[in-house]
Amino acid sequence: MLDHLTYTAPEPKIIQGAKQDWELVIGLEVHAQVASNAKLFSGASTGFGAEPNSHVAFVDAAMPGMLPVINEFCVAQAVRTGLGIKAAINLRSAFDRKNYFYPDLPQGYQISQLYHPIVGEGEVIVDMAPGVARRVRIERIHLEQDAGKSIHDMDPNMSFVDLNRTGVALMEIVSRPDIRGPEEAAAYVAKLRQIMRYLGTCDGNMQNGNLRADVNVSVCPPGAYERYQETQDFSHLGTRCEIKNMNSLRFIQAAIEVEARRQIAIIEDGGKVVQETRLYDPDKGETRSMRSKEEAHDYRYFPDPDLLPLEIEQAWVDQIAGAMPELPDEKKARFVKDLGLSEYDAGVLTAEVENADYFEAVASGRDGKMAANWVINELFGRLNKEGLTVETSPVSAAQLGGVIDLIGSGAISGKIAKDLFEIVWTEGGDPAQIVEERGMKQVTDLGAIEAAVDEIIAANPAQVEKAKANPKLAGWFVGQVLKATGGKANPAAVQDLVARKLGQ
Ligand code: ADP
Ligand code: MG
């Protein structure tokens, strides 16, 4: 299916300006909020932006005696996401308690899946350039609860806690350290986001924090990664640092770059990189230590006694698999193969699922390339300029299709079509009707029309005198010309010519 792509081995980014060459090795842990109405173990709403502490069930607040109840819908979304990255689905998984103290974690532990995640190994095809892709292996996806939010900047003397987010379902998607550069890391997150948005399993709104990544970075001399690949022995790789909670593709790239340089400087100075968790400061353009390995939590993971192991049936997984929508890679391949689009155009049109849907509605029953041209150049160009999206577009897919049909039938030229698009954009309406009413139809042979007008005028000098005195009589000439040309001439063009010749 995806044989139109050229897979390249991950191409290491080589850091320049150092004493020797260094390559980057990156692995990501992406936290994706499940797009569900209710939380993972309670019926409380997941609605964003609500009054603080208004979406909190007793179990979210860890009231004594409350028991978690698994949300089947969230499990289904994790399964769908797993199938979307061609991963193994584990029919038996289990929940563990990850114990730590924090004011926004009333239970004193987070329910997660350390030992038996619901989704096993998969892969993500990362698009690097048109037709060029890389495979990033996925180690696992597990389900876990999100924590609440501590607010430290509302009062000089107090901190506040908002538990609305407590217990919201997250999918943690863990990659192998297969990512070799900042751009690839950003493209990887973008691809995961795209897949999940096609599936509807995560909104992928990075600004709202419902998609965020912990970025693990290490550096190694050339050749070391190949030895790791051959043996899967991590000791060939450098010591990694983890940059926590990144929620912007731009910052992910910048953070990787500065973190790699920091590590190289330490090693070239004869020092050793310490495995630790760091934070990226976009204002200062640096990462700084959050906690070192010595301070690392001992989470004392153990199976959550309140929850039975999660057993799902293959038949249920098959049913979910049977109802999967077309995914971005397949859609893109189909646009290239069946509609004859370039790899680049297909990539642009499939980037956002809403755009792909709009394009498909325009292209249905029409020439694919022409539809792609109009959607990408005219529509997207205009939408971008106005800060709109296909969802807020003043021109619907049906209207744009109507414009294209008029070009296809020869009723209007490509040039007139742009004027027509402009009219539909600003005034709305049915393109065919607008073309009819405003006489925008193509005049194939203006010279022939002019000759016919001249002939009628020359043959009727008396009528010309009358019409010059009474402009209303010009209509008689128009009728004569239309008759003489067998009704093929554009009435508006004839009207214009007659008026001009009569000096009106
Ligand atoms: P932890 O749970 O302590 O964060 P994991 O084994 O789950 O550790 O690994 C976390 C992430 O770190 C994974 O995405 C993995 O690919 C990545 N990773 C592991 N070793 C390295 C390394 N040497 N360089 C870069 N990334 C790494
Ligand atoms: Mg980690």
Side-chain angles (χ1 to χ4, degrees), residues 10 12-13 15 22-32 85 87 96-100 110 112-124 126 134-144 170-182 184-186 188-189 191-192 211-246 252-253 255-264 266-267 272-280 287 290-301:
K13 158 113 183 180
I15 300 284
W22 293 96
E23 292 182 5
L24 268 171
V25 176
I26 302 156
L28 263 64
E29 296 157 274
V30 169
H31 297 263
I85 58 162
D96 305 297
R97 288 186 180 180
K98 179 181 181 179
N99 300 280
Y100 64 98
Q110 176 192 24
S112 182
Q113 296 189 307
L114 178 69
Y115 301 108
H116 304 287
I118 181 145
V119 177
E121 293 184 341
E123 69 170 22
V124 172
V126 179
R134 294 196 187 129
R135 296 178 198 273
V136 172
R137 292 170 301 159
I138 301 294
E139 191 182 313
R140 57 194 273 153
I141 302 178
H142 59 258
L143 274 168
E144 62 183 27
L170 299 179
M171 296 177 279
E172 179 169 334
I173 307 164
V174 183
S175 86
R176 300 273 182 202
D178 285 352
I179 298 164
R180 305 303 311 278
E184 200 179 332
Y188 165 78
V189 176
K191 188 58 178 281
L192 269 184
L211 187 69
R212 45 192 202 262
D214 299 342
V215 183
N216 297 271
V217 179
S218 67
V219 295
C220 62
Y225 186 79
E226 284 67 29
R227 285 196 289 282
Y228 155 71
Q229 282 270 292
E230 280 156 26
T231 57
Q232 293 299 306
D233 177 354
F234 280 87
S235 70
H236 292 295
L237 300 179
T239 303
R240 70 186 153 105
C241 288
E242 179 183 27
I243 313 164
K244 271 275 177 213
N245 250 327
M246 306 288 301
I252 287 175
Q253 297 188 60
I256 290 171
E257 194 84 34
V258 297
E259 175 58 18
R261 289 182 190 287
R262 186 190 70 87
Q263 293 181 11
I264 291 168
I266 292 173
I267 302 168
K272 272 203 161 77
V273 173
V274 186
Q275 186 176 337
E276 62 183 356
T277 303
R278 300 180 68 85
L279 280 180
Y280 176 64
T287 64
M290 193 175 146
R291 55 174 182 260
S292 68
K293 206 176 178 186
E294 291 78 60
E295 301 162 76
H297 300 290
D298 177 357
Y299 293 118
R300 293 175 183 272
Y301 277 100

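Order of listing sets the numbers, starting from 1, for every ligand and every atom in it.
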Residues Glu242, Arg240: salt bridge by 4.0 Å N-O rule: no
Presence of salt bridge, Glu121 and Arg176, under 4.0 angstrom: yes
Test item: side-chain donor near acceptor, Arg300 and Asn99, under 3.5 Å: no
Polar proximity ligand 1 side, Leu237 side, N/O cut 3.5 Å exclusive: no
Which residues share a salt bridge (charged side-chain N to carboxylate O under 4.0 Å, His left out) with Arg227, sequence neighbours left out: none
Proximal ligand 1 atoms for Val25, defined as those under 4.0 Å from one of its heavy atoms: 24 (N), 25 (C)
For Phe234, atoms of ligand 1 separated by under 4.0 Å from a heavy atom: 19 (C), 20 (N)
Non-neighbouring partners of Lys191 that pass salt bridge (charged side-chain N to carboxylate O under 4.0 Å, His left out), sequence neighbours left out: Asp127, Asp329
Proximal candidate to atom 13 (C) of ligand 1 [heavy atom criterion; set Pro177, Ser175, Cys241]: Ser175
Tyr299 vs Ser112 side-chain heavy atoms within contact, under 4.5 Å: no
Numbered atoms of ligand 1 (with element) below 4.0 Å of Val174, judged on heavy atoms: 13 (C), 14 (O)
Residue selection (non-hydrogen contact nearest atom 8 (O) of ligand 1) among Glu242, Arg240, Glu139: Arg240
Where ligand 1 meets Leu28 - atom numbers and elements under 4.0 angstrom, heavy-atom basis: 14 (O)
Gly238 neighbourhood, listing ligand 1 atoms whose heavy-atom distance to it stays under 4.0 Å: 23 (N)
Option whose closest heavy atom lies nearest to atom 11 (C) of ligand 1, chosen from Asn216, Ile138, Val136, Asp214: Asn216
Arg176: numbered ligand 1 atoms lying under 4.0 Å from its heavy atoms: 16 (O)
Check: Glu257/Gln253 side-chain N/O donor and acceptor closer than 3.5 Å: no
